Amino acid sequence: MTAVKTFKLNLGPQHPSTHGVLRLILELDGEKILSCEPDVGYLHRGMEKMAEQMKYVQYLPTVDRIDYLAGCFYSELFCRTIEKAMGVEIPDKVKYIRVLLLELNRIASHLLWIGAFLMDLGATSPFFYAFREREMILRYFEKLTGQRMMYNYFVFGGVRTDINYLEDIENIIDILPQKIKDYEKIITDNPIFLTRTEGKGIIEQTLAKNYSITGVNLRASGVSYDQRLYDRLYNNIEFVPIVLDGKDSWSRYKARILEINESIKIIQQALEKVKQLGDLRQVLINPIRLKLPEGEYYSEIEAPRGLASCYILSDGSDKPYRLKWRTPSYYSVNLLREILRGAYLNDAIAIAGSLDIILPEVDK
Amino acid sequence: MNYLYFLYMDFLAKYNVPKILGNITFYIIPFCIIAAVLLVVVLILVLAERKLLGYFTQRKGPNRVGYWGVLQTLADAFKLLIKENITPGKADRFLYNLAPILVFVPVVTVLGIIPYSGEFTFVNTSTNIILYVVLAAFPVLSIFLAGWSSNNKYSLLGAARSISQVLSYELPITFVVLSIVVLASSMNLSGITLAQYSSKGLAGWFIFPCIAGFCIMFISILAELNRCPFDLPEAESELICGYNTEYSGMRFALFYLSEYSMLFANSLFLSIIFLGGYLSPFGGYLSHIIFGDSQLASFLVYFEQTFWLFLKSGIIIFVIIWIRATLPRLASYDLIKFSWVVLLPASIINLLWVIVYKYLTGGAA
């Protein structure tokens, strides 16, 4: 008989800190992790197969549900692919409205991440503070679109209604910077927070590139790649992509804080532009008779968690022949295999949390 | 206390009860009283913690059951009471059932040796500070039993963490307690309290010569209580609930109860050895100032002393809750390292300093 030295721990699928239903099969030696095997798919809803049975317009309301924290991005992505396929150029005002809402959505998503990450580290208060600010944004969305999370606001060639309640946005971007400063006071230089995050969960550039990591996680490893720079939606808007070269959890936290500030600047610019442009004129595509010409269509967008993209293969009918989503968290989950090896169990949760994994988005 | 003893024996003699039986039961009664009072104290503590955490995070806390939410903990306790007790199939049944009972015994005993006021200690032994240190570390044994017998990997990890944590933080506590014994020249908690008496009120408190010791003790107590930022044994985000993951109903309630009782006991202990226990911070007692030297004043003083003790421990509990609302959790290896590298040397240096201080102020015999 051989002595048992390691044991296997099923972290999840039901676990308080897996942000959904992720199962990690960990091999532990004491509290040290020898290997990690992520097991995904518990939230699989067949988003891609479902598209093949539905008309484009029927499918549109469901795409928000791919990532319930950043619904705007996926509906924008889907609309953008259709518009590209139909050769429609959306008017300026629609562009800026979309930028405005996308960036508000990005802030809401990052705020939730800050709260959840600190919750993983055992601090409860920042969670409530972050939710308080996120609530302002959700209230605005509710006022404008009637929904707090699944907006279904973007349509093929435009937006559902003209933008309104601009003073609410002004109010939000007045309050937010002060609140972000408050977070930094309680979190950023906290010695316990530093010991938990500095030098933990290091993602080397080559590793990140091999695993196709995108978004904040990549930029916190020192790679300057922000899809928004090449995005036609952000053409006349000035912003700087946040690139930090710490490669650790702390840099990923700091990058998100800085990105919120950058988003606030983008919102200010978009708000000015929206105010200058007059009435809303749209080039709406008739969704009932919509048939994509035969061919392949692809477009991408910088979502809060990284590069998201949509691929449609059309056979000329009113339904896609094949539709494929690239969701950034899926690649982050795979990365856990590498960066959890050799970490301790309580760091494992912090590292996994720092990657901002959203399970509905992983499983689609 | 002696007066009460004779009163009790007289009462029993009236009904021809043997004296030996009276001698035994006299010491059991106080513990029954403690257990009953403890329930009330814990109910208040739990409500206070939830309310305070609510206000710290800009919520209202419990505010539906009863006025201002006062009945919320009572309702929760009742819910736990009527819930099903689930035992996991492959658990070690005897130990699994024993652990929650065992965790409660030292807690009640510990509260029996606390001097609540000048004349009010349930059990007064000459070296009860040692008894306190030993008993306060005792619940970890039942925590380990609970973690081991649950046959759950999360519980086991929580129990292992708890053991290593208490082992490393028990040493600094012992050294600080030693320095207090040196300062007071007494191993009795009442004696230690009286040694801190000075006519100028709080000038005599041991926190002033021994401020480093107070900090060490405070941190170690947080670790021993498994309170934030040392709440690793029950780290929710990693181990779900740690050693009591599998417990439900009344058994869970017992763990919960003992946790808060230990919080209460430790804050009392801290205020006794550093903050002058039941002594008034003004030198003279308010009752004497208001009512002069009357009979009423000397009667009220006992209540006032208890009030001061509870006020001091209340402030300590408030700070502990405040810390919970602010700080994230430490990593397990940092926690052990912090104890052995920082706290233990610091506590030994503190002991040496206290000896020098005692020598210089002419206290050395």
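Below, chains carry the letters A, B, ... as their sequence lines are ordered, and counting in each starts from 1. Keep in mind that the numbers below use all heavy atoms, side chains included, and drop hydrogens, waters and symmetry copies. In this text the structure is predicted, and so the values were computed from the model without any measurement.
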Task: Spatial distance of atom OG1 (B:Thr326) from atom CD1 (A:Ile187) [nearest 0.5 Å] - done: 11.5 Å
- [ ] Rounded to the nearest 0.5 Å, what's the gap from CZ on B:Arg161 to CG on A:Leu345? Could you check?
- [x] 6.0 Å
Open item on the list: Donor-acceptor check, side chain of A:Ser125 to backbone of B:Ala325, threshold 3.5 angstrom: yes or no?
Closed with: yes
Open item on the list: Counting neighbours of CZ on A:Arg337 that are heavy atoms of other residues, nucleotides or ligands and sit closer than 6.0 Å, is the number greater than 12?
Closed with: yes
Task: pair A:Phe128-B:Leu53: side-chain heavy atoms closer than 4.5 Å - done: no
Open item on the list: How long is the straight-line distance from OG1 of A:Thr124 back to CG of B:Leu327, given to the nearest 0.5 Å?
Closed with: 10.0 Å
Open item on the list: Counting only non-hydrogen atoms closer than 4.5 Å, does A:Lys200 touch chain B with its backbone (N, CA, C, O), its side chain (CB onward), both, or neither?
Closed with: side chain
- [ ] Using non-hydrogen atoms and a 4.5 Å limit, figure out which bit of A:Tyr129 sits close to chain B: side chain, backbone, both or neither.
- [x] side chain
Open item on the list: Atom CZ of residue position B:Arg59 - does it have more than 12 heavy atoms of other residues, nucleotides or ligands inside 6.0 Å?
Closed with: yes
Open item on the list: So which atom in A:Arg196 and which in B:Arg329 form the shortest heavy-atom distance, rounded to 0.1 Å?
Closed with: NH1-O, 2.8 Å
Open item on the list: I need the A:Leu11 CG to B:Tyr154 OH distance, nearest 0.5 Å.
Closed with: 4.0 Å
- [ ] Give, as side chain, backbone, both or neither, the part of B:Arg324 having an atom under 4.5 angstrom from any heavy atom of chain A.
- [x] backbone
Task: A:Tyr344 and B:Asp334: side chain donor to acceptor below 3.5 Å - done: no
TODO: Might you work through the side chain to side chain contact (heavy atoms under 4.5 Å, CB included) test for B:Tyr333 and A:Asp347, ending with a clear yes or no?
DONE: CA-CA 10 Å; B:Tyr333 44 86; A:Asp347 281 337; 2.3 Å; yes
Open item on the list: Given B:Pro328, which partner from the list A:Ile192, A:Thr195, A:Asp120, A:Thr197 fulfils the side chain to side chain contact (heavy atoms under 4.5 Å, CB included) test?
Closed with: A:Ile192
